[in-house]
Amino acid sequence: MDGRGLVAALALGAQVVQMSTRFLTSIESGAHEAYQKILLSGNEESTVITKAFSGRPARGVKNSFIEMWDKRGIEPLQFPTQNTATRDTRNAASRQNNPDFMSLWAGQGLRMLTSDQSAARIVEETIHQAQSILLNTNH
């Protein structure tokens with residue numbers, strides 16, 4: 001989500017990082033407005049690992065669909081069957097601007113999201129932060 005996280009991942013041996021959540025609220029993002037609002041109001045406790053929407057484990061913002069699914073105690077169908085079975089629900093929720101039934105995939109750093117940055121600025125800022133940290137630790 002930022003330069004600090006990039007440096008930490010590299011220090012632990014990563015060769016690449018995935019920052020997809022960080023770009024969901026960028027100026028250029030095509031993510032649904034309701035999805036973006038939920039992301040911007042979330043925090044590290046907002047997300048859970050679920051198979052409810054797709055049949056594969058994925059991290060997303062906990063919503064009514066996930067809560068209801070979990071209460072039922074029934075295992076989802078295998079991927080891609082579960083994904084196909086929930087498609088109409090997800091599409092209808094999107095049309096109705098209803099995030100309670102959308103798949104709201106997200107990492108854990110929601111508190112760090114902003115809505116006023118371009119993707120280019122996010123990359124530039126992340127690199128600048130990482131370089132600054134690395135330069136200060138090498139002195």
Side-chain angles (χ1 to χ4, degrees):
M1 296 292 279
D2 66 3
R4 212 175 52 170
L6 172 59
V7 170
L10 295 173
L12 292 170
Q15 294 181 356
V16 297
V17 295
Q18 180 176 335
M19 298 176 43
S20 52
T21 301
R22 182 65 183 91
F23 295 97
L24 288 172
T25 58
S26 69
I27 293 168
E28 301 89 348
S29 175
H32 195 286
E33 186 177 332
Y35 183 8
Q36 290 184 4
K37 284 181 182 179
I38 293 291
L39 293 173
L40 290 165
S41 67
N43 61 44
E44 57 279 349
E45 296 176 9
S46 301
T47 64
V48 294
I49 303 291
T50 184
K51 292 182 182 180
F53 286 105
S54 70
R56 283 188 180 161
R59 181 172 294 281
V61 176
K62 190 171 191 175
N63 60 11
S64 296
F65 185 89
I66 294 171
E67 289 174 358
M68 288 188 290
W69 189 273
D70 289 348
K71 283 180 185 174
R72 291 180 60 212
I74 298 171
E75 275 296 307
L77 302 168
Q78 294 292 316
F79 178 85
T81 308
Q82 182 73 9
N83 193 57
T84 301
T86 64
R87 181 177 296 132
D88 289 344
T89 299
R90 291 180 283 119
N91 288 342
S94 180
R95 286 190 302 275
Q96 296 170 14
N97 297 317
N98 184 353
D100 282 327
F101 295 90
M102 297 169 134
S103 51
L104 307 169
W105 306 128
Q108 293 176 292
L110 300 184
R111 236 182 254 264
M112 301 172 74
L113 293 175
T114 59
S115 62
D116 58 350
Q117 285 186 304
S118 69
R121 182 70 190 130
I122 292 168
V123 172
E124 290 166 3
E125 187 177 275
T126 302
I127 291 170
H128 175 73
Q129 290 169 346
Q131 288 173 331
S132 178
I133 292 167
L134 292 170
L135 287 173
N136 288 328
T137 58
N138 289 331
H139 290 220

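Numbers here are sequence positions counted from 1. Hydrogens, waters and symmetry mates play no part in the numbers below; they use all other heavy atoms, side chains included.
Of all heavy-atom pairs between Ala119 and Phe23, the closest is O-CE2, 3.7 Å.
For the pair Gln117 and Ser26, the minimum side-chain heavy-atom distance is 4.5 Å or more. In this structure the side chain of Arg22 reaches within 4.5 angstrom of the side chain of Thr114, judged on heavy atoms. At least one side-chain heavy atom of Thr21 sits less than 4.5 Å from a side-chain heavy atom of Leu110. Here the side chains of Gln108 and Arg59 are in contact, with some heavy-atom distance below 4.5 Å. Using a 4.5 Å heavy-atom threshold, the side chains of Met19 and Leu6 count as separate. Contact check for Asn97 versus His32: side-chain heavy atoms found under the 4.5 Å cut-off. Ser115 has its side chain out of reach of Gln36: every pair of non-hydrogen atoms, C-beta onward, lies at least 4.5 Å apart. Contact annotation: the side chain of Asp116 never approaches that of Ile27 to less than 4.5 Å [non-hydrogen atoms, C-beta and beyond].
Counting heavy-atom neighbours within 6.0 Å of Gln18 CD, excluding the residue itself, gives a total of 12 or less.
Transitive grouping of hydrophobic side chains (ILVMFWY, heavy atoms separated by less than 4.5 Å) brings Tyr35 and Met1 into a common cluster. Note on Ile127 and Leu134: separate hydrophobic clusters, where clusters join Ile, Leu, Val, Met, Phe, Trp and Tyr whose side-chain heavy atoms are under 4.5 Å apart, directly or indirectly. No continuous path of hydrophobic side-chain contacts links Ile122 to Leu39 [ILVMFWY only; heavy atoms under 4.5 Å]. Leu10 and Ile133 are not part of a single hydrophobic cluster, where members link through side-chain heavy atoms under 4.5 Å apart. Residues Leu113 and Val17 fall into different hydrophobic clusters, defined by Ile, Leu, Val, Met, Phe, Trp and Tyr side chains chained together at heavy-atom separations under 4.5 Å.
Not a single donor-acceptor pair under 3.5 Å links the side chain of Ser132 to the backbone N or O of His128.
For Glu44, the side chain to side chain contact (heavy atoms under 4.5 Å, CB included) criterion is met by Arg111, not counting sequence neighbours.
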Going by atom type alone, with no hydrogens or angles, which donor-acceptor pairs under 3.5 Å involve a side-chain atom of residues 60-74 and a protein atom two or more places apart or on another chain?
{"from": "Asn63", "atom 1": "OD1", "to": "Phe65", "atom 2": "N", "distance (Å)": "3.4"}
{"from": "Asn63", "atom 1": "OD1", "to": "Ile66", "atom 2": "N", "distance (Å)": "3.2"}
{"from": "Asn63", "atom 1": "ND2", "to": "Pro99", "atom 2": "O", "distance (Å)": "3.0"}
{"from": "Asn63", "atom 1": "ND2", "to": "Asp100", "atom 2": "O", "distance (Å)": "3.4"}
{"from": "Asn63", "atom 1": "ND2", "to": "Met102", "atom 2": "O", "distance (Å)": "2.7"}
{"from": "Ser64", "atom 1": "OG", "to": "Asp100", "atom 2": "OD1", "distance (Å)": "3.4"}
{"from": "Trp69", "atom 1": "NE1", "to": "Ile74", "atom 2": "O", "distance (Å)": "3.1"}

Under 3.5 Å donor-acceptor pairs involving side-chain atoms of residues 77-85, not counting sequence neighbours:
{"from": "Gln82", "atom 1": "OE1", "to": "Leu77", "atom 2": "N", "distance (Å)": "3.0"}
{"from": "Gln82", "atom 1": "NE2", "to": "Ala52", "atom 2": "O", "distance (Å)": "2.7"}
{"from": "Asn83", "atom 1": "OD1", "to": "Arg90", "atom 2": "NH2", "distance (Å)": "3.2"}
{"from": "Thr84", "atom 1": "OG1", "to": "Pro80", "atom 2": "O", "distance (Å)": "3.1"}

